[in-house]
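To start, the structure under review is shown below, and the notes come after it.
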Protein chains: 2
Amino acid sequence: MSDKNNCTSDANAKCSCKGYNLDKLLQPNILILLAKESLHGYSIIQALEKKDLFFGEKADNTGIYRTLSKLEERGMIRFEWELENTGPAKKVYHITDEGLECLSNWIDTLESYRKIIEGMTEEAKSILNK
Amino acid sequence: MSDKNNCTSDANAKCSCKGYNLDKLLQPNILILLAKESLHGYSIIQALEKKDLFFGEKADNTGIYRTLSKLEERGMIRFEWELENTGPAKKVYHITDEGLECLSNWIDTLESYRKIIEGMTEEAKSILNK
DNA sequence: TAACGCTATTGGATATAGTCTAATATTAGG
DNA sequence: CCTAATATTAGACTATATCCAATAGCGTTA
């Protein structure tokens with residue numbers, strides 16, 4: 001079996017069909033966490049890692065901090081600096097009313113999305129007789 | 001009710017929570033179509049529009065043609081020029097063995113993805129009491 | 001025949017989401 | 001003091017998709 005005839009060939013080693021490039025849905029995932037409790041960036045990273053959100057891959061810190069900044073710019077979340085305890089200063093984020101409404105929209109959006117993905121999977125299965 | 005307190009405010013009019021920025025999963029969608037029959041780009045566009053894949057939005061031609069080029073570069077699909085019939089020349093694409101294996105991988109990936117999205121939706125619902 | 005619309009493909013610039021690498025800073029433990 | 005863990009940020013880059021524009025063949029119709 002030649003390497004060219006499967007998605008593990010050099011050129012396709014990181015083919016999207018393995019899930020590497022799927023949207024991690026960081027915005028709704030972060031809103032869900034913050035709807036339950038206020039957290040700072042680093043603890044959000046750890047919470048997302050626990051969830052095994054990333055197809056076994058570890059979370060990307062930079063991406064999460066960038067998403068937090070963007071959500072803050074849009075008024076979905078706000079933060080206060082926490083200097084009290086031990087360790088470096090932390091930005092403790094909490095969700096706003098706008099963020100809760102955004103999360104409510106996300107529920108409908110994700111349900112539609114799930115149906116689309118379900119339909120695709122069923123169609124692909126029937127074609128390949130899987 | 002102020003405009004600032006919902007996702008329809010100017011700044012958030014095209015908020016991702018409405019689904020505008022979701023991955024359209026063009027790669028697997030195109031592979032599914034081509035696993036059933038060979039097609040040229042423009043007919044793929046029309047087929048995807050019929051599916052209402054895009055949250056009611058119309059398909060973006062450029063994106064579909066770019067995805068076709070990428071899939072072709074990676075050996076998932078191949079094309080022949082069709083000059084016979086009326087109209088401009090068409091690139092008729094057909095799926096390769098590698099493309100079929102890629103689609104098979106996509107089935108597992110999409111099933112995992114669906115479960116992740118389902119879990120997120122349920123969690124968000126329980127938090128918001130929806 | 002000129003104008004228009006449909007079919008069919010491509011290119012440039014931009015947007016959004018996320019990754020990789022590196023840097024900075026505080027503090028606790030050995 | 002050195003290192004590891006905690007905590008945040010910046011620059012460059014990749015993947016996916018969008019918006020606008022251009023090109024080109026062909027049929028209809030005014």
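Numbers restart at 1 for each chain; the letters A, B, ... are given by sequence-line order, proteins then strands. All values below come from the heavy atoms of this structure, side chains included, with hydrogens, waters and symmetry mates left out.
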May I ask you to say what B:I64 touches in the nucleic acid, namely base, sugar-phosphate or nothing, with a heavy-atom cut-off under 4.0 Å? nothing
Taking atom types as they are modelled, is there a donor-acceptor pair under 3.5 Å from the base of D:dT8 to the side chain of A:R66? no
Under 4.0 Å, counting only non-hydrogen atoms across every strand here, what does B:N21 touch: a base, just sugar-phosphate, or nothing? sugar-phosphate
Approximate separation, where rounding is to 0.5 Å, of B:L103 CG and B:L31 CG: 5.5 Å
Base, sugar-phosphate or nothing for A:L26? Non-hydrogen atoms, less than 4.0 Å. sugar-phosphate
Give one of base, sugar-phosphate or nothing for B:I44, where a contact means two heavy atoms less than 4.0 Å apart. nothing
Between D:dC19, C:dT9, C:dT26, which one does the side chain of B:N61 approach most closely? C:dT9
In whole angstrom, what separates A:K14's NZ from D:dT14's C1'? 12 Å
Check whether the side chains of A:E37 and A:H94 place a donor and an acceptor atom closer than 3.5 Å, and report yes or no. no
So, under a plain 3.5 Å distance rule, would you say the side chain of A:T62 forms a donor-acceptor pair with the base of C:dT21? yes
For the side chain of A:S16 and the base of D:dA15, is some donor closer than 3.5 Å to an acceptor across the two? no
Taking for A:Y20 and for B:Q46 the nucleotide of DNA chain C with the nearest heavy atom, the one nearer the 5' end belongs to B:Q46
Grab the two heavy atoms, one from B:N21 and one from B:K14, that are nearest each other, plus how far apart they are. ND2-O, 4.1 Å
Give one of base, sugar-phosphate or nothing for A:D23, where a contact means two heavy atoms less than 4.0 Å apart. sugar-phosphate
Report yes if at least one side-chain N or O of B:Y65 is closer than 4.0 Å to OP1 or OP2 of C:dT10; otherwise report no. no
Report yes if a side-chain nitrogen or oxygen of A:K70 is closer than 4.0 Å to either non-bridging phosphate oxygen (OP1 or OP2) of C:dT16; otherwise report no. no
Could you walk me through whether A:E118 and A:R114 pass the salt bridge (Lys or Arg N to Asp or Glu O under 4.0 Å) check? CA-CA 6 Å; A:E118 207 164 64; A:R114 183 190 58 73; 3.1 Å; yes
Whether B:K24 contacts D:dT18 is assessed here as follows: a side-chain N or O lying under 4.0 Å from the phosphate OP1 or OP2. Is that the case? yes
